[in-house]
Amino acid sequence: MNRILIAEDEPRIAAFIEKGLRSHGFTTSLAIDAKSTADMANSSTFDLLILDLGLPGKDGLEILEELRGQGENVPVIILTARDDIQDKVAGFEAGADDYITKPFRFEELLARVKARLRNNPSKQATESTVIKFGNIVLDLRTRKVKVDEETIELPAREFTLAETFFRHPGQVLSREQLLDRVWGYDYDPGSNIVDVYVGYLRKKLGGNLIETVRGMGYRLRT
Ligand code: CA
C-alpha cells in the first residue's frame, strides 16, 4: 500500500483529499504547517507528498527546496491556488514532479498520484519491503505482520505505529514524534492515544517489545 503525505492547512480540502485517497486504498497522513511537513517528509516513510504552497510557518516552495537540498527524493505534487506560469516554473525548479492548481477535480488528482507512483519504480526496487526484528516480520507491501510464522492483521494506524518503532530500534520516540508520524494531526499533546495504541501493539506483538521510558516516551527493545 502506498503512503501519501498531505501538506494542507485548509481542513476542508485536507479532509476531502484524505477521504478520497483512503477510499482508493492509500494510507494518508496529514501535515498542517511547514514544520511538520518538513519533519514528516524527511522521515522517508512516504511514497508521495501532496504539497500546498501557502502553509503556516514557511512557504511550500522553500520547504521543497530544503527537502531536495537534503537529498529527499520523494515524489512531490504541488497543489495550490497559484496558477501563474511563473509560479508553475518556480515549482518545478524547486523540485516538484507535478503541479495541480485549485480548484481541482479529485479524479485528476487521483490520476496524477497514480501516474507519479507508477513512474517511481526505483524506490520500490531499492527499498526493502520487509522489516525483520527478532521473531517479527513486517511486510510493508502487504501491510501484514508475522510473529513466529503466525500472520497477524493490524489496523492501519497500529501497523504504521509498529513500522515507526521498527525503523528506529533502540531509539526513544516521544509521544509527540509518534503522534506526528503516525497520526499526522495536531493532536492535543495531553491525549493518551499513543499510550492506548502502544498497549494494543504489546497485546498483539508481545508485552516486552516496547518499553516505556519514563518522562520521555517509548522505545523498541533491542
Ligand atoms: Ca494553504
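Keep in mind it's a predicted model, so treat the numbers as computed, not measured. Positions are given from 1, in the same order as the sequence printed here. Note that ligands are numbered from 1 as they come in the structure, with each ligand's atoms numbered from 1 the same way.
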Partners passing side-chain contact (heavy atoms from CB on, under 4.5 Å) against V147 (at least two apart in sequence or in another chain)
N135, I136, V145, I152, L205
For T164 and R181, test the side chains for any donor-to-acceptor distance below 3.5 angstrom and give the result as yes or no.
no
All side chain to side chain donor-acceptor pair (under 3.5 Å) counterparts of R221, not counting sequence neighbours:
none
Y218-D195 side chain donor-acceptor pair, cut-off 3.5 Å:
yes
Would you check if there is a donor-acceptor pair between the side chains of R143 and T160 at a distance under 3.5 Å?
yes
If you draw a sphere of radius 3.0 Å around the Ca ion (ligand 1), how many protein N/O/S atoms end up strictly inside it?
3
Please identify each residue that fulfils side chain to side chain donor-acceptor pair (under 3.5 Å) with K146, with sequence neighbours left out.
none
